[in-house]
Amino acid sequence: MPQEMAFFRGNIVPISEAKVSVMTHALHYGTAVFEGVRGNWNEAQNKLFVFRMAEHYDRLLQGCRMMLMDIPYNTEDLCNITIELLQSCGYKQDLYIRPLAYKSQELVANLRLQDLDSDFTLMAVPFGAYIDAEGAIDCTTSSWRRIDDTIIPPRVKISGHYVNSILAKTEATLAGFDEAIMLTQDGDVSEGSGENLFMVVNGSIFTPPVADNNLTGITRDSAITLAKDLLGIEVVERRIRRSELYLCDEVFLTGTAAHITPVGSLDRRPIGEGGVGPIATKLRDAYVEVIKGDNPDYIRWCTEVPLEG
Ligand code: PMP
């Protein structure tokens, strides 16, 4: 039987024992950095693969550096801890893996990052589709603008800055849409609440530069690589204006949770033909094959977790 376990204070324990105090700094101020990593179960191969694990931990450690957070592990240590945790859980299904580095000091009235203890915790839960929609999704332009690098660094996954994404996603879903598209302070397209954004025009793919305040997405990087190297499609990073999305041929979103998700409409206007576009389909099929460990050319992106049985 799979068990819900967590890595907590240096040990693997049942998740019910992984508890922090209400005095914890991160709980009050969002002074934490997290990751979302996927474990993908391949039924035919009877194997569990973690996708681009080292890249996720490199980004976590960048966030730690930004937040003056010292944790006593490097990327290799964190990968080994993850494998150990997944082995002790024993899940044989698709997983969402959540590493969290946080200011663990039990001290509330303190707005400095220096001289505060930090810790690292990790958990994994069974996880299927993130966006609950068949085919293409319906998006809206958020009235919440994406946080700017002059406010909170958006390129790393700092917990506190997720209030921005949460406000946008809440507004969109309360209004009946599946996802929000956020603009920068200047009105350029930035990204979805939890996904990077791509647009297709005349057979070429465009995506905003990371400097337009989106997260340095690992799925974004994978999509760019697969589009160029596997599908032979040109990918251009450049500023994108909102009105371009209304007139383009396809829009799709990329993220660890969302995979590659085609957008069928924006602000109730159909994009292209209004359904799942041909380039998004090709890229999504290629991506799913890669993350499942079924494409030998990209097996370097997949870490197999040796499981019993
Ligand atoms: N943007 C935001 C705001 C996100 O939360 C995520 C999910 N991590 C992404 C983009 C996509 O990043 P990745 O492909 O690394 O999951």
Pair Glu234 + Lys228: basic N to acidic O under 4.0 Å: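 No, no charged N to carboxylate O under 4.0 Å.
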Indicate whether the side chain of [X] and that of [Y] have a donor and an acceptor atom separated by less than 3.5 Å.
X: Ser193; Y: Tyr162; value: no
X: Lys103; Y: Tyr29; value: no
X: Thr150; Y: Asp148; value: yes

Where the side chain of [X] meets the backbone of [Y], is there a donor-acceptor pair that is under 3.5 Å apart?
X: Thr140; Y: Ser142; result: no
X: Thr24; Y: Val20; result: no
X: His28; Y: Val22; result: yes
X: Glu289; Y: Asp294; result: no
X: His25; Y: Glu106; result: no
X: Arg238; Y: Thr207; result: no
X: Ser265; Y: Pro270; result: no
X: Gln3; Y: Gly90; result: no

Does the Lys NZ or Arg CZ of Arg38 fall within the cation-pi geometry relative to Phe51 - under 6.0 Å from the ring centre and within 45° of the axis?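 That pair does not qualify as a cation-pi contact.
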Counterpart residues, ring pair (Phe, Tyr, Trp, His ring centres under 6.0 Å), relative to Tyr96 (two or more places apart):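 Once residues adjacent in sequence are excluded, the partners of Tyr96 under the ring pair (Phe, Tyr, Trp, His ring centres under 6.0 Å) criterion are Phe127.
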Does the side chain to side chain contact (heavy atoms under 4.5 Å, CB included) test come out yes or no for Met5 and Leu85, once each step is laid out? CA-CA 7 Å; Met5 308 292 282; Leu85 178 80; 4.0 Å; yes
Looking at residues at least two apart in the chain, or sitting in another chain, which of them share a salt bridge (charged side-chain N to carboxylate O under 4.0 Å, His left out) with Asp138?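 Applying salt bridge (charged side-chain N to carboxylate O under 4.0 Å, His left out) to Asp138 gives none.
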[X] atom [atom1], over 12 foreign heavy atoms within 6.0 Å:
X: Asp297; atom1: CG; value: yes
X: Asn46; atom1: CG; value: yes
X: Glu273; atom1: CD; value: no

The test is side chain to side chain contact (heavy atoms under 4.5 Å, CB included); show your working for Glu244 and Met199 and say whether it passes. CA-CA 9 Å; Glu244 291 186 87; Met199 151 180 107; 3.7 Å; yes
Aromatic rings Phe7 and Phe120: how do their planes relate, parallel, tilted or perpendicular, breaks at 30° and 60°?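 Tilted: the ring planes of Phe7 and Phe120 meet at 30° to 60°.
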Under the side-chain hydrogen bond (donor to acceptor under 3.5 Å, both in side chains) rule, collect the residues that match up with Glu43, sequence neighbours excluded.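 By the side-chain hydrogen bond (donor to acceptor under 3.5 Å, both in side chains) rule, Glu43 matches Trp41.
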What's the verdict on salt bridge (Lys or Arg N to Asp or Glu O under 4.0 Å) for Arg239 and Asp186, showing C-alpha distance, side-chain angles and the deciding distance? CA-CA 11 Å; Arg239 200 172 75 138; Asp186 294 334; over 6 Å; no
